[in-house]
Amino acid sequence: MSQPACITTPIYYVNDRPHIGHAYTTTICDVWARSQRMIGRDVFFLTGTDEHGVKVEKSAQARGIPPQELADENAAEFQRVLATFALTNSDFIRTTQPRHVEQVQTLLRQLMKTGDVYLGTFEGWYDEGQEEYHTENRARELNYLSPISGKPLVRATEQNYYFRLSAFADRLAKHFADHPTFVRPVERANEMLGRMRDGLQDVPITRTNFSWGIAMPDAPGHVVYVWIDALLNYITALGLGTTPSAPESKLRDRSRYWPADYHVVGKEILWFHAVIWPALLMALELPLPKCVYAHSFWIADGQKMSKSLGNFVDLPTIERYTSVYGLDAWRWYMATQGPLAATDADFKAKHFHEIYTNDLVNTVGNCPSRVGAMIGKYFGGKLPSDSHNGGEWPHRCKATVDKWERCMEVFDLVGAARAGMDLFHQVDVMINDTEPFKLAKDPANTPRLSSILNQCAQTVRIAGLLLEPFLPQRMADLQSAFGGVGSGKSDWSSRKKYGAIPDGHPIEKIALFPRVDGAIAVQPASAG
Ligand code: ME8
C-alpha cells in the first residue's frame, strides 16, 4: 500500500461569499487530490470555514444577526459550491464545530503545561483588518500602514496569553535550511527567511476585546485569537488533539494522514503557515507538514481584485463561465493559467476564450475526434491491430507518464498538464506526417494504416488519462469512447500501461469540447 496523502486549502472566512480566490485554491488542491487518488494513494483532502474572530462578529452585527447564523449561512454556501463544482474534499471542517473547539482547548492546555504559552503584557502595531500584530521593524517597513487594506496600523496594548515563538527561531531556521522545499515557491521561502532574520517575537494568542471565539481554557474573559484557532484545524480534522477518552477520539484513525503533503495557501497568509504554524507544531511535538505552497493572486484586467473596486470575479460570474464553457474548462483555466508561481495571473475573458479554443477544442477535443472518425471510417469503429507493437509509442508514453508522475509529486500542475497535452500534440503530428486519409486510398497500405491508427488510439487513451485530474468529466467520456478499458476501478499500473485497448474493441468518435462563439464569450459581471 502506498503512503497516505494529505492536502489542505486554507479555511475560508465566512464573512465573505465564495469568489475566484477560494475557487482557485480549492480547485488546484482538487486536481492534486484526484491525481494522487488515481495513482492509488489513500488521500485526505481537507477544506472548510474559519468562523470566529472580530471580522465575522462585525459582519454579523452589520446584518443584525448572531455570528453563528452568518457562519451557518455562508458555510452552507461554501459547501454548496464544493458540490456544484464536483470538488472531492474528504471533509469540511468548521471551526465552530464542537469537535474542533474541544481539541483546540485540549491543545492549548498542553501548550500552557509545557510553558510554550504564558500570560504576559504586549504592546505593538496592530492591523485591525487582518487581526495581526507587526514588529516595530516590520511596521516601519510598511510605513505603519496595513499591507492589505492600506489603513493605518494602530498602537495597541493588551494583557494576554502569548505563544513563545521566540524560542523556536533557531529550530525554524534549521528546518528551512534542512528542507529547502519546505516553503515554495523559492521566492516566498526567501521572503520568510528575510522576515525571520528580523527576529521572532512572542505572539499574543488570546484577546479580551471580543467574545466570538473559542474560550481560552481556565482563563475567563480570554478568547483564543482567530488565527491560532484556525491553524489548528489542520490537525483537529485528523483528531490529533483528541484524548483517548473523548467522544471525538475516533477521528484519531485519521492520524495516518499527518504530516500533510501540502498546505496550499495564498501568499498573503504565508507567515502564519510558514513560521507560526511550524513553531506551534514543534511545541506540540508533532511533525511538520512537508510543504507549504504559497500561490500568488488572480488579478482582473491588470488590476488588483478588490471588493471596493467591484472587480472580484464572484460566484455568479464563475457560474456564467461554467455554463458557457463547462466545468472542465473552468478547471483547466484555473490550473494551467493560474498564479501558481511567484507572479500574479491576470484573469481575462478573452484569454479564457483563447485557452479554451486552443487547448481544449483544437487539441484535447479535436485529436480524439480525428482518431475516432478515421477508425470509424476505415475499420468500422473497431480498433485495428498493430503489427509493430507500438513502435516508438510505448516508450514515449512511458516517458511522458513518468514525467507527469514527477510533476504531480512536486505540485507542478502546469508541467503535468503539459505532459498530457504533449502526447495529444505528438499524435496530431503523426497524423499530419503519415496522412492516414491518403494511405486509406490504397488497400495495399492497410497494415500500415492499421498500425498507425492503433498507435494513435492507444496514445490518446493515455493522454486522456493524464488529463483526467484536470478534466474529470470530459476525460471520463474519452476513456469510455476509447474502449472503456482501464477506467477508474483498475489500478494505476495497468491503467498507465501502453496498449491496454484490445484489438477489435469499439472506438467511438466523440465531440468533447464544442466550439464556443467568441462573440458570446463571458464578460465579468462588473463589465457588463
Ligand atoms: O485568509 N487570488 O481566509 P480567506 C488567488 N481564514 N487566491 C485568492 C485570492 C486571489 N485574488 N483572494 C483570496 C483566510 N484567495 C483565513 C485562512 S487558514 C488556517 C485561515 C484565496 O477567506 C487564497 O487561498 O480570506 C487565500 O489564502 C484565501 O483565499 C484566503 O481566504
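For ligands, and for the atoms within them, numbers begin at 1 and follow the listed sequence.
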Can you check which of F272, F347, Y13 brings a heavy atom nearest to atom 4 (P) of ligand 1? Y13

Exercise: identify the closest heavy-atom pair between Y234 and T9: CE2-O, 3.5 Å

In terms of the angle between their ring planes, are F272 and Y225 parallel, tilted or perpendicular, with boundaries placed at 30° and 60°? tilted

Mind listing the closest non-hydrogen atom pair of Y257 and D42 along with its distance? OH-OD1, 2.6 Å

Ligand 1 contact by S296, heavy-atom criterion under 4.0 angstrom: yes

Quick check: does H273 get an N/O under 3.5 Å from an N/O on ligand 1? no

the protein heavy atom lying closest to atom 30 (C) of ligand 1 turns out to be E268 OE2, 3.4 Å

Mutual orientation of the aromatic rings belonging to H175 and F182 [parallel < 30°, tilted 30-60°, perpendicular > 60°]: perpendicular

Under 4.0 Å between a Lys/Arg side-chain N and an Asp/Glu carboxylate O for D30 and R331? yes

Could you identify the single nearest non-hydrogen protein atom to atom 10 (C) of ligand 1 and state the distance to 0.1 Å? F297 CD2, 3.4 Å

For atom 13 (C) of ligand 1, find the nearest protein heavy atom and state the residue, atom name and distance (0.1 Å precision). H19 CE1, 3.7 Å

Which of the ligand 1 atoms, numbered from 1, are nearer than 4.0 Å to a heavy atom of D50: 6 (N), 16 (C), 20 (C)

Any luck finding a side-chain donor-acceptor pair between Y13 and S59 under 3.5 Å? no

How long is the straight-line distance from CZ of F92 back to CD of Q97, given to the nearest 0.5 Å? 8.5 Å

Identity of the nearest option to atom 17 (C) of ligand 1, non-hydrogen atoms only, from I228, I11, T25: I11

Heavy-atom nearest neighbour in the protein, as seen from atom 31 (O) of ligand 1, with distance rounded to 0.1 Å: Y12 CD2, 3.6 Å

Close approach of K267 to ligand 1, heavy atoms, under 4.0 angstrom: no

Show the numbers, then the answer: is there a side-chain hydrogen bond (donor to acceptor under 3.5 Å, both in side chains) between N89 and T47? CA-CA 7 Å; N89 55 303; T47 187; over 6 Å; no

Compute the shortest N/O to N/O distance between W227 and ligand 1 and return yes if it is under 3.5 Å, no if not. no

Is the shortest distance from a heavy atom of H295 to ligand 1 less than 4.0 Å? yes

If you measure every N/O of Y24 against every N/O of ligand 1, is any gap under 3.5 Å? no

Is it the case that the ring center of Y161 lies less than 6.0 angstrom away from the ring center of Y118? no

Which heavy atom of the protein is the closest neighbour of atom 27 (O) of ligand 1, given with residue, atom name and distance? G266 N, 2.9 Å

Regarding H353 and Y325, do their side chains bring together a donor and an acceptor under 3.5 Å, going by distance alone? yes

D16 to ligand 1, any heavy atom closer than 4.0 Å: no

Return the residue, atom name and 0.1 Å-rounded distance of the protein heavy atom closest to atom 8 (C) of ligand 1. G21 CA, 3.2 Å

